[in-house]
Amino acid sequence: MSALAFTYPAILFGLIALPIIWWLLRLTPPRPRTEVFPPLKILATVLKREETPSQSPWWLTLLRMLLAAAVIFAIADPVMNPRANSLNAGGPLVLVVDNGWATAADWERRVQTANLLIDDAESADVPVSITFTADPSHEAVPGTAAAAREKLTAAKPKPLVPDRARAAEAVSEAMNGTRPGTLAILSDGIAAPDDNEALSALAGLSPADMRLIQGDGTSAVAITDAVNNAGAMSVTATRLSTGGQQQFAVNALDTQGRSLASGAFEFAPGAATATAEITSPFELRNDFARLNIDGLATAGAAHLLDDGFKRRRIALIAGESGSDFQPLLQPLYYISRALSPFADIIQPNTADLAVSIPQILEGNPSAIIMADVGRLPAETYAPLQQWIARGGTLIRFAGPRLAAAPADDPLVPVILRQGERALGGAMSWSEPQSLANFPGFGPFAGMPRAEDITVTRQVLAEPTPDLAERTWASLADGTPLVTEKEVEAGRIVLFHTSAEATWSNLPLSGNFVEMLRRLVQLARAGGAVTSGPAADGAAATLAPYRLLTADGILTTETGTARPIAIAAGQTPIASFDHPPGLYGTEDGFTAVNLLPPKTVIAPFDAALAGRPMLREGLAGGLAVSLRPALFAAAFALLVLDSLVVLFMNGAFSRIPGGSKGRLGGRDASRGAAAAIAALAFGLLAFAPGQGQAQEIAPGAATKPGDEQILERLDTTHLAYVQTGEADVDRISEQGLEGLSQFLTYRTTLEPGAPVGLDITKDELSFFPIIYWPISATAPMPSQAAISRIDAYMRNGGTVLFDTRDQYSSLDAGGTSPNSQRLQAILANIDIPPLEPTPQDHVLTRSFYLLNNFPGRYTGSPLWVEARQDARTSGAKLTSSGDGVTPLLITGNDFAGAWAIDQQGGPVLPTVPPDEMQREYAYRSGVNIMMYMLTGNYKADQVHVPALLERLGQ
């Protein structure tokens with residue numbers, strides 16, 4: 001190809017006339033000179049003299065010469081880089097045409113380029129072989145130019161990545177040893193993994209001429225990944241042309257094609273990837289159905305989203321709140337940390353399960369996770385079961401409370417044995433167990449087994465015929481670790497170990513995060529049907545539902561696409577048989593996108609062919625006609641010449657330009673400035689409150705009861721439950737008054753007056769301990785009141801239940817009515833396992849050293865929460881919180897021993913009469929209060945003798 005050619009070269013002979021034009025233009029007379037016209041001068045110039053024409057200025061002549069030359073060249077129609085027929089006629093023309101996703105933007109130019117090559121082959125009378133790299137089958141045998149043109153007309157871009165190696169193999173077989181004359185590759189400019197093999201095969205044909213034809217690649221931009229984070233959606237894109245800075249807008253669309261939110265890609269110079277953030281509320285992001293790059297209509301610029309992309313709403317419920325000062329021991333700590341990157345966490349704002357569970361169900365979460373929750377309030381079972389039947393997923397973790405729960409719990413997937421199994425302890429024959437390989441079914445199929453995970457405690461399932469089918473994970477000895485049960489449209493999943501690291505180190509491993517992620521993906525998202533792999537882990541075969549065209553448009557035409565099998569934890573990859581689109585049904589589908597995540601497109605490397613290749617651009621971009629530019633230049637020169645002639649003839653000197661107008665302009669400017677200043681002054685003058693201090697109204701009126709709340713927060717008060725019986729409530733008040741005075745005399749604690757509580761409405765969180773005298777003749781508390789007491793204990797409070805029946809139970813020889821009433825109250829409370837106070841418990845040494853805890857009676861043990869780890873490890877003190885038990889139970893009538901009258905004397909005698917028993921009753925009260933207020937720090941008091949001995953040295 002030549003650099004410059006003329007369509008009508010004969011016109012250039014007109015340049016010969018330029019010297020004549022020069023001579024004629026030089027004879028153009030200038031304008032007449034204006035002089036004064038006095039009569040005498042006219043008479044003096046009556047005689048005629050010979051005149052000679054004047055010459056025009058040289059620069060004006062040059063200007064007109066350039067104008068004439070521009071017109072001559074424009075008529076000749078010069079063309080930059082004109083295309084010429086340069087095919088090698090020594091063999092067939094072989095065209096290898098990329099028709100993948102990146103060619104959709106300039107497909108017409110590619111067809112035009114291929115048509116020009118076919119026309120050249122037809123002129124040279126050589127056969128043509130044409131192959132398209134994104135087609136599943138190839139017919140590359142050389143044929144006539146007309147047949148090749150028909151194939152080119154029928155071809156269209158495909159939403160796929162080209163397979164050049166497959167096309168090169170077909171061309172090699174079709175040529176069958178025939179050497180091509182010209183082999184042209186119409187490339188999309190993007191490198192592929194098999195380019196080395198493809199170019200080696202094409203170069204092996206030994207063509208006489210090998211060409212590479214490609215565009216500029218500016219439209220080759222594709223979305224590779226989209227992550228729905230907690231606060232925003234992060235979208236990653238890659239581009240081919242990295243020469244400069246580029247910016248693209250990305251839009252998030254719903255199923256109706258409406259734009260819901262947008263972001264922007266900022267490609268830095270030289271960068272091949274960029275990330276855009278689309279910030280929108282969680283609920284709105286769950287309505288995103290696809291992402292599109294604005295201004296680009298290709299399959300790469302479209303990214304489809306399915307149900308797996310949506311963030312699930314997960315509710316977390318714990319059997320106990322734990323301590324904020326020890327977050328690693330909280331039941332929900334590891335669960336929330338594992339789920340927060342890919343789910344939205346909901347935690348109830350109250351520990352009262354009777355209130356929090358209905359509130360959670362109103363929000364329609366995708367899943368509910370319960371950590372060591374044993375017995376639930378009776379009225380919550382039916383709503384939970386209905387929610388599961390509609391498609392909810394309940395995930396439970398074991399713990400001491402679940403181990404002590406009734407065996408007929410309907411919210412567990414299998415029948416559980418009572419109690420828990422401890423491994424590796426002094427009374428156990430078994431070592432801590434590791435995990436077994438995950439079965440081939442279930443959501444954990446394909447996950448590698450972690451060698452370092454061990455389980456030391458678990459709840460066991462009763463053997464049933466279908467237990468193996470319901471087991472998704474098990475220990476090395478075959479006992480189930482994770483079991484499940486489908487309940488209509490939903491399911492229940494149980495981890496037979498705890499959610500924190502006391503029973504196993506599973507929560508500390510990466511497998512815990514992956515297991516929770518897979519379980520959450522099985523849950524419904526926003527009420528939609530779960531799509532993707534089957535819940536049992538087997539590869540789900542999904543038929544094509546909507547497919548993506550090369551222009552990035554979803555269509556119902558599925559063509560030759562085949563059903564795709566998608567296994568759990570695998571990302572589907574687009575191919576000839578499974579082009580990009582949606583696979584499944586209207587009720588649920590999985591998105592198959594063009595490029596896998598983390599893909600970075602790179603330029604096509606022609607050097608892999610191992611031989612020189614002539615590089616060309618697409619037709620319509622190289623051959624440029626200069627005729628329009630020359631005509632435009634000639635017109636501009638003509639306008640300039642006309643202005644010069646007008647100026648030389650004095651046309652502009654006759655334009656009036658008085659100073660009045662200029663003065664008026666200055667006056668107008670000055671007037672406009674004055675008007676703006678006046679407007680600004682007026683705004684400042686009328687602005688309210690300028691330069692004035694605004695008065696602040698006195699403090700807002702306090703609400704009724706605020707003074708009482710502040711007083712209870714400022715001073716520690718002992719509280720008791722008002723039973724409704726005057727005698728019982730009077731003894732409780734007098735007893736707590738006596739204990740308060742004893743605490744004031746013997747300790748630094750100075751409590752205020754005792755407070756009687758109505759547990760149905762009074763705020764309970766102000767008091768560290770609540771004394772509850774049980775009376776069988778008092779009205780039975782309502783379920784709402786019992787739920788408030790349950791929430792109080794879950795949040796760290798302690799209730800001292802006193803049945804006051806030790807003396808009567810000795811006479812009756814059985815369970816007293818007060819004990820039966822206590823059992824009825826505790827029946828609907830999720831209490832931990834209990835045990836009599838051990839000799840090494842903190843209660844025995846928090847202030848005084850005590851062996852027992854008498855009251856008005858003696859002999860009844862003081863029941864406290866059982867220490868779980870002390871059974872096997874021999875630890876002196878272990879607790880998930882600060883070591884304070886949530887409830888104490890006695891029958892020794894503490895308040896009866898503490899009660900004093902107005903003169904400070906005892907109200908009731910001890911049984912048997914013994915003032916030392918009353919003294920020890922007071923000391924028991926002091927130890928209980930110190931234990932409530934200081935927790936387990938007194939556990940180190942066992943070292944006091946050693947410290948005293950050390951100080952004595």
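Numbers for residues simply follow the sequence, beginning at 1.
- Shown here for Ile369 and Phe397, the closest heavy-atom pair between the two residues is CG2-CE1, 3.8 Å.
- The environment of CZ in Arg562 is sparse: at most 12 heavy-atom neighbours from other residues, nucleotides or ligands sit within 6.0 Å.
- With rounding to the nearest 0.5 Å, the separation of CG in Asn228 from CG in Asp344 is 8.0 Å.
- Enclosure of atom CD in Gln247 by more than 12 non-hydrogen atoms of other residues, nucleotides or ligands within 6.0 angstrom is indicated.
- Checked against ring pair (Phe, Tyr, Trp, His ring centres under 6.0 Å), Tyr583 has no partners two or more places apart in sequence or in another chain.
- A donor-acceptor contact shorter than 3.5 Å links the side chain of Asn511 to the backbone of Pro448.
- A donor and an acceptor atom, one from each side chain of Thr502 and Glu500, are located under 3.5 Å apart.
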Between Arg794 and Asp830, does a salt bridge (Lys or Arg N to Asp or Glu O under 4.0 Å) hold up when you go through it step by step? CA-CA 9 Å; Arg794 289 177 184 273; Asp830 189 15; 3.5 Å; yes

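- A distance of 4.0 Å separates OG1 of Thr380 from CD1 of Ile357, quoted to the nearest 0.5 Å.
- Of the possible polar contacts, none joining the Arg491 side chain to the Glu484 backbone as a donor-acceptor pair under 3.5 Å is found.
- Under the 3.5 Å distance criterion, the side-chain polar atoms of Arg312 are matched with a main-chain donor or acceptor of Gln521.
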Salt bridge (Lys or Arg N to Asp or Glu O under 4.0 Å) between Asp195 and Arg164, worked out: CA-CA 7 Å; Asp195 283 347; Arg164 299 190 183 100; 2.8 Å; yes

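- Aromatic ring pairs are classed by plane angle as parallel below 30°, tilted from 30° to 60° and perpendicular above 60°; the pair Phe495 and Phe444 is tilted.
- Looking at Asp98 and Thr133, their side chains do bring a donor and an acceptor atom within 3.5 Å of each other.
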